[in-house]
Asks: 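This structure is in structure tokens; I'll ask about it shortly.
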Amino acid sequence: MKHLLNLLAAIALLVWGSHLVRTGVLRVFGANLRSLLARSMGNRFTAALSGMGVTALVQSSTATSLMTSSFVGQGLIALPAALAVMRGADVGTALMSVLFSVDLSWLSPVFILVGVILFVTRQASTAGRVGRVLIGLGLMLLALEMVVQASEPMLASPIIKAMLNSISSDIFMELVMGCVLAVVAYSSLAIVLLISAMAASNVVPLDVALGLVLGANLGSGLLAVMTTAKSAVEVRQVTVGNMVFKVLGVIIMTPFIGAWMKYVQPLLPNAAQSVVLFHLAYNIIISVGFIGFTQWVAELMTKLMPKPVEDKPRRPHHLDPSALSTPSLAISCAAREALYQADVVETMLTGMLDVIQKNDEQQAERIRKMDDEVDQLYSAIKYYLTKISREALGEEESKRWADIISFTINMEQIGDIIERVIIDIEDKKIKKGRKFSEAGMAEITELHGRLVSNLRLGMSVFLNGNVRDAKRLLEEKVRFRDLERTYSTTHLARLSENTMQSIETSSLHIDLISDLKRINSLICSIAYPILESAGELVPSRVKAINEAAANAAPSGASHAAGGGAGVEHSNA
């Protein structure tokens, strides 16, 4: 029992070490690696070479697959080029397994010692993240040595011998076991290294080890397919197409396991070398041999998995799952998606005026459907942000994380208000055949125009974080409130004159300009985090807003408008 626990602990340490290396490399070099991939798509051969290099550094063909598929999903590269990248990625991870199969155990204490010193002393810097990578490399080398040590005593167990005999000569069971292990460990590299270490210790027969290696390769492809199962069709085309190549490779290589044992194994020094070189041979065959078929497989994937043409809210395009291991990139992806959400809200806001002016019921229906898209984008952005490791975020990135959450909440609430306005317009105006007075319509149009302008300014403030624009946005808040109060007063004056149109639409008119004011408050709240970070919202906040009101508003209304600014923010 003790030896089994030691073996399981060594396997867990191997998987954890590979995780540390993968995430550490992505956090340090993630942006550069993605740029390298994006720039190398001129032809299939340079694409394959870049995939090989990136995977050798990241030590995960799955991570490379997620990066590449996200590029296809964003329309940055074509599907054949992405499949070519994956051909090189498989070779890259196989080369790393060959490197780790060499006895480098003497490097393990060096890597761990240096890595811990760097990580502890400079944790938040690039040096600290490099230290994380060194710790992972050291743990992987240590784990491989522990696997060998823990395996030897287990060979004498009759139970282990019986289990090994039960899977011998059953290639299907070997493929399934190797596949399951790779999926559970989230790393085909770690499993191939484990298999080679166990083969070297005679824990598994060599022919069984080779079958497990083929299964581990299937597992890496299946893992990418499972990870992107809910992604856009363009993304899934890459991972499923890559899986097709892996399955074809297994079909071709399986009959040659016996030939490898007979003709190649006698030329190699040990079983561990045989396992990793068989792994390399498999990946070279499916990469070099099949690279000419990337166009054919891409066409097949396009036919089997066509892009949907129905008019449905599209899936988020900027929320790249492969960027999650590089927090700064993930924050940028979330910000881009938040801006798209704001674009949808702007379209809703612009269309709202057509519904008010022209009683356009078809436009009203389109706007209500767009609110569903805004809600879906909000949920997707929020869920994506929760998957970003908060420990890996610096102070500025943490603030940006909070700003994005706040921005998307505001956009979602604006979308809900617009939907309610549209429903009120349909129920109280269009269905009853009523019209706003000419003066009332002019007031609504004026407020609406300022609202659209403020939304665009708010989007600019969110994107650039410009303090001057943030101050302008607060000034616009004061102006808008003054206009709302003025137009409420003039509407009451029209009621006192018994204007029939004003009387019929009075409730709707008052509710509408109140809703427009609420939307404007949500837009202007974008400015507060920017000004707070810049130290502009310290105790002198109310004074600053009062000064803005005095400069912007009519003299008679400036004091009243400015006096409530600070209170309104506290309620927003």
Asks: Would you check if the side chain of Ser406 reaches a backbone N or O of Ala402 as a donor-acceptor pair within less than 3.5 Å?
Replies: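 No, the answer is negative, given that no donor and acceptor are paired below the 3.5 Å cut-off.
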
Asks: Using side-chain heavy atoms (C-beta onward) and a distance below 4.5 Å, is Phe278 in contact with Leu214?
Replies: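 Result yes, sub-4.5 Å side-chain heavy-atom pair found.
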
Asks: Is any side-chain heavy atom of Phe290 less than 4.5 Å from a side-chain heavy atom of Ile252?
Replies: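 Contact flag for Phe290/Ile252 side chains = yes.
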
Asks: Look at the side chain of Trp260 and the backbone N and O of Gln265, then say whether any donor-acceptor pair between them is shorter than 3.5 Å.
Replies: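 Not confirmed, Trp260 side chain does not pair with Gln265 backbone.
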
Asks: Between Val114 and Leu118, does the side-chain contact (heavy atoms from CB on, under 4.5 Å) criterion hold? Intermediate values first, please.
Replies: CA-CA 6 Å; Val114 176; Leu118 288 175; 4.1 Å; yes

Asks: Using 0.5 Å steps for rounding, measure from the OG1 atom of Thr294 to the CD atom of Glu299.
Replies: 10.0 Å

Asks: So, for Ala271 and Leu206, which heavy atoms are closest and what is the spacing to 0.1 Å?
Replies: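 The pair with the smallest heavy-atom distance is O-CD1, 4.0 Å.
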
Asks: Taking the side chain as everything from C-beta on, heavy atoms only, tell me whether Ile405 gets closer than 4.5 Å to Tyr378.
Replies: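 They are not in side-chain contact.
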
Asks: Please check: side-chain N/O of Gln237 versus main-chain N/O of Met305, any donor-acceptor pairing under 3.5 Å?
Replies: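 Checking the backbone N and O of Met305 against the side chain of Gln237, a donor-acceptor pair under 3.5 Å is found.
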
Asks: Do Ile112 and Leu134 have side chains that get closer than 4.5 Å, going by heavy atoms?
Replies: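 A side-chain contact under 4.5 Å is absent here.
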
Asks: Can you check side-chain contact (heavy atoms from CB on, under 4.5 Å) on Phe245 and Ser287, steps first, answer last?
Replies: CA-CA 8 Å; Phe245 282 119; Ser287 296; over 6 Å; no

Asks: Looking at Tyr384 and Cys333, what are the two nearest heavy atoms and their distance?
Replies: OH-CB, 3.8 Å

Asks: For Gly138 and Ser108, work out which heavy atoms get closest and say how close.
Replies: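 Result for this residue pair: O-OG, 2.8 Å.
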
Asks: Which heavy-atom pair separates Val192 from Ser97 by the least distance, and what is that distance?
Replies: CG1-CB, 4.1 Å

Asks: Drop me the distance from Ile388's CD1 to Ser398's OG, to the nearest 0.5 angstrom.
Replies: 10.0 Å

Asks: Roughly how far, to the nearest 0.5 Å, is NZ of Lys246 from OG of Ser220?
Replies: 3.0 Å

Asks: Search all heavy atoms of Ile404 against all heavy atoms of Ala338 and return the closest pair with its distance.
Replies: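 Smallest interatomic distance, heavy atoms only, reads CG2-CB, 4.3 Å.
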
Asks: Are a donor atom and an acceptor atom from the side chains of Asn283 and Arg87 found within less than 3.5 Å of each other?
Replies: no

Asks: Can you tell me how far CG of Asp375 sits from CD of Gln341, rounded to the nearest 0.5 angstrom?
Replies: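 So the CD of Gln341 and the CG of Asp375 are separated by 8.5 Å.
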
Asks: Can you check whether Met177 reaches Leu212 side chain to side chain, under 4.5 Å on heavy atoms?
Replies: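 Yes. Closest side-chain heavy atoms under 4.5 Å.
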
Asks: Do other residues, nucleotides or ligands put more than 12 heavy atoms under 6.0 Å from the NZ atom of Lys262?
Replies: no

Asks: State the OG1-CD1 distance between Thr386 and Ile381, to the nearest 0.5 angstrom.
Replies: 12.0 Å

Asks: Centre of Phe111's six-membered ring, under 6.0 Å away, within 45 degrees of the axis: is that where NZ or CZ of Arg132 sits?
Replies: no

Asks: Are Val225 and Arg236 close enough that some pair of their side-chain heavy atoms sits under 4.5 Å apart?
Replies: no

Asks: May I ask you to test the Tyr282-Asp90 pair for a side-chain heavy-atom distance under 4.5 Å?
Replies: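 They are not in contact (no side-chain heavy atoms under 4.5 Å apart), so the answer is no.
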
Asks: Please examine the side chains of Leu99 and Met96, heavy atoms only from C-beta on, and report whether any two atoms are closer than 4.5 Å.
Replies: yes

Asks: Stepwise, does the side-chain contact (heavy atoms from CB on, under 4.5 Å) test hold for Met301 with Leu79?
Replies: CA-CA 9 Å; Met301 290 299 101; Leu79 180 56; 4.1 Å; yes

Asks: What distance do Met261 atom CE and Leu210 atom CG have between them, rounded to the nearest 0.5 Å?
Replies: 6.5 Å

Asks: List the steps, then state whether side-chain contact (heavy atoms from CB on, under 4.5 Å) holds for Met411 with Ile526.
Replies: CA-CA 10 Å; Met411 292 301 109; Ile526 298 168; 4.2 Å; yes

Asks: Identify the heavy atoms of Val213 and Asn217 that sit nearest to each other, and give their distance.
Replies: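 Where Val213 meets Asn217 most closely, the heavy atoms are O-ND2, 2.8 Å.
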
Asks: Using a 3.5 Å distance criterion without hydrogens, assess whether the side chain of Asn464 forms a donor-acceptor pair with backbone atoms of Asn466.
Replies: no

